[in-house]
Protein chains: 2
Amino acid sequence: MVKKSEGDLSSTENRILDAAKKVFIAKGFNGTSMQQIATEAGIHKSLLHYYFRSKDKLFTAVFVYAFQHFVPQIQEILISDASVSLKIERIINEYMDMLMQNEFIPSFILHEINRDPDRLYEIMLHTGINPSIFLDQFTIERTKGNMRQVDPRHLLVNILSLCIFPIAARPLIQRVFFSNDNLAYNNFLRERKSVVTKFIIQSIQV
Amino acid sequence: MVKKSEGDLSSTENRILDAAKKVFIAKGFNGTSMQQIATEAGIHKSLLHYYFRSKDKLFTAVFVYAFQHFVPQIQEILISDASVSLKIERIINEYMDMLMQNEFIPSFILHEINRDPDRLYEIMLHTGINPSIFLDQFTIERTKGNMRQVDPRHLLVNILSLCIFPIAARPLIQRVFFSNDNLAYNNFLRERKSVVTKFIIQSIQV
DNA sequence: GTCTATATCGGGATAGAC
DNA sequence: GTCTATCCCGATATAGAC
């Protein structure tokens, strides 16, 4: 759905991209050297330039990938004819699942959008993300009387905050409140799927 | 309260620290060079090493400073005898005010705690932050019957999420939903102080 | 305390052999 | 396509003059 002409990519190019994703997302642009990516991919440094010309070009490819996993893809859910509360439940569940499977992406994106905010315009064209669909959809539900009068921008920011922050701040929260126990924090995050859902739904109930 | 023997610091050392705070917090450890800090401070590069021995030592000083502005200082509020809802209102208002006045600290901390999580133990000794006070306080209120039975860890993470994320993700949210209008987003953040407060209080009301 | 000069290393990038 | 060799630059850090 998101890909474009990936069938004819050489195996080397794919290995470079996979390695670049791993290292860039873990260490950021400035924290990553071309040598680290080459080592991770098991090939020589100069091949990175052969396939991607520059560090910046390679990074942009990774950023586009990560961005698509950071901005929730919820169009299908929103335009379905389910109830508002069911939609919210599905959005939160699916989004938190994706974030838990890509746990380094939130802090990566948060860092990079502050480091180079102007890149966003160009990237968002690549992704085809259209945020107004969310706002429109909630305006519709509101006129139907299914929801309290809530500013949809606050509502959306609330949902994103509650889903993303606990992943981005994991190293801190897990150490302070969970004795740095990985399994315990995974359970906490799973619990949160229903906690956050109830929290949000309650805030828009009439 | 937080300082330790700052009266006898030479003016140069203070200028270096101020410059280091500005540059490190804006660009992170790997994005910052010693030359940038020296230029910002208006002194020569080698003086940085004279006063702080290494880049890492200088960075640690900055990180401690930033960390104290990231973890809310709410002991006085919590141990006061105000009502729960008043406490929450004060916590959220004062904390969001501080974050708005230090808007680059959230993404800085979120990045650095993922880059080097093990530094946290050492830093937290410097700051003397004791998170258990929060949990204890809310357990007490709960037994008084003033609150719904809510896991205080989820409650705290909810509050932090709703306060911190809108600052950390500002470059993205402001562009997407506010046409990159600074004043409009400042208003949005001010609105959030009461929005978040109501949101939280409603979630714990019996 | 503050500067100049320099040591040493690793970074991104390119040319060219195979 | 893949490698070796190399260029050039900027990075942290230190030695030593003033």
Side-chain angles (χ1 to χ4, degrees), chain A residues 5-66 108 111-112 115-116 118-119 122, chain B residues 5-66 108 111-112 115-116 118-119 122:
Chain A
S5 73
E6 286 180 12
D8 55 345
L9 290 186
S10 78
S11 145
T12 303
E13 186 168 348
N14 274 328
R15 288 177 62 192
I16 291 174
L17 253 180
D18 286 343
K21 285 176 192 168
K22 198 183 288 188
V23 185
F24 270 137
I25 291 174
K27 295 170 173 293
F29 181 82
N30 286 314
T32 299
S33 74
M34 297 294 263
Q35 182 58 62
Q36 286 175 281
I37 297 172
T39 303
E40 175 71 32
I43 49 101
H44 196 271
K45 214 178 30 159
S46 56
L47 281 183
L48 303 184
H49 292 93
Y50 176 80
Y51 282 100
F52 291 92
R53 275 202 30 197
S54 71
K55 183 184 181 181
D56 210 79
K57 289 265 199 298
L58 178 53
F59 179 79
T60 297
V62 172
F63 188 86
V64 168
Y65 166 85
F108 168 76
H111 177 66
E112 296 298 338
R115 188 178 66 85
D116 187 359
D118 292 332
R119 195 202 317 266
E122 187 204 345
Chain B
S5 72
E6 286 179 10
D8 56 343
L9 290 186
S10 77
S11 146
T12 303
E13 186 168 348
N14 274 327
R15 288 177 64 192
I16 291 175
L17 252 179
D18 286 343
K21 285 175 192 168
K22 199 183 287 186
V23 184
F24 270 138
I25 291 173
K27 296 171 172 293
F29 181 82
N30 286 313
T32 298
S33 73
M34 297 295 262
Q35 182 59 64
Q36 286 175 280
I37 297 173
T39 303
E40 176 71 31
I43 49 100
H44 194 271
K45 223 181 16 165
S46 55
L47 281 183
L48 304 183
H49 291 92
Y50 177 79
Y51 282 100
F52 291 91
R53 275 202 30 198
S54 72
K55 182 183 181 182
D56 210 78
K57 289 264 197 305
L58 178 52
F59 178 80
T60 297
V62 172
F63 188 86
V64 169
Y65 165 85
F108 168 76
H111 178 65
E112 296 297 338
R115 188 178 67 85
D116 187 358
D118 291 332
R119 195 200 318 265
E122 188 204 345

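In what follows, every chain begins at residue 1, and chains take the letters A, B, ... in the order their sequences are listed.
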Fill in: Pairs where residues 55-66 of chain B contributes a residue and the test side chain to side chain donor-acceptor pair (under 3.5 Å) is met, not counting sequence neighbours
none
Response to the item:
Output for pair (A:Thr32 OG1, A:Lys22 NZ), nearest 0.5 Å, gives 13.0 Å
Worksheet item: How many angstroms lie between atom CD1 of B:Ile25 and atom CZ of B:Phe63, to the nearest 0.5 angstrom?
Response: 10.5 Å
Rounded off to whole Å, could you give me the [atom1]-to-[atom2] distance for the [X] and [N] pair?
| X | N | atom1 | atom2 | value |
| --- | --- | --- | --- | --- |
| A:Asn30 | D:dA11 | CG | P | 11 Å |
| B:Phe59 | D:dT12 | CZ | P | 13 Å |
| B:Tyr51 | C:dC3 | OH | C1' | 13 Å |
| A:Tyr50 | C:dA17 | OH | C1' | 15 Å |
| A:Leu47 | C:dT14 | CG | C1' | 13 Å |
| A:Arg15 | D:dG1 | CZ | P | 15 Å |
| A:Glu13 | D:dT2 | CD | P | 11 Å |
| A:Arg53 | C:dG12 | CZ | C1' | 13 Å |

Worksheet item: Salt bridge check: are B:Arg115 and B:Glu112 linked by an N-O gap of less than 4.0 Å?
Response: yes
Set of side chain to side chain donor-acceptor pair (under 3.5 Å) partners for [X], sequence neighbours left out:
| X | answer |
| --- | --- |
| B:His49 | none |
| B:Lys21 | none |
| B:Ser54 | none |

Worksheet item: Hey, what bend do you get for the helix from C:dG1-D:dC18 to C:dC18-D:dG1 if you fit axes on five pairs at each end, rounded to 10°?
Response: 0°
Worksheet item: According to a strict under-4.0 Å criterion, is A:Thr12 in side-chain N/O contact with OP1 or OP2 of D:dG1?
Response: no
Worksheet item: Which residues in residues 34-46 of chain B have at least one heavy atom lying under 4.0 Å from any atom of DNA chain C?
Response: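 Under 4.0 Å from DNA chain C: B:His44, B:Ser46.
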Worksheet entry | Shortest non-hydrogen separation from B:Ala61 to B:Leu17 and the atoms involved |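 Minimum heavy-atom contact is CB-CD2, 4.0 Å.
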Discussion item. Would you call the rings of B:Phe29 and B:Phe24 parallel, tilted or perpendicular, taking 30° and 60° as the class edges?
Written reply: parallel
Practice prompt. Name the closest nucleotide to the A:His49 side chain, picking from C:dG11, C:dA13, D:dG1.
Written response: C:dA13
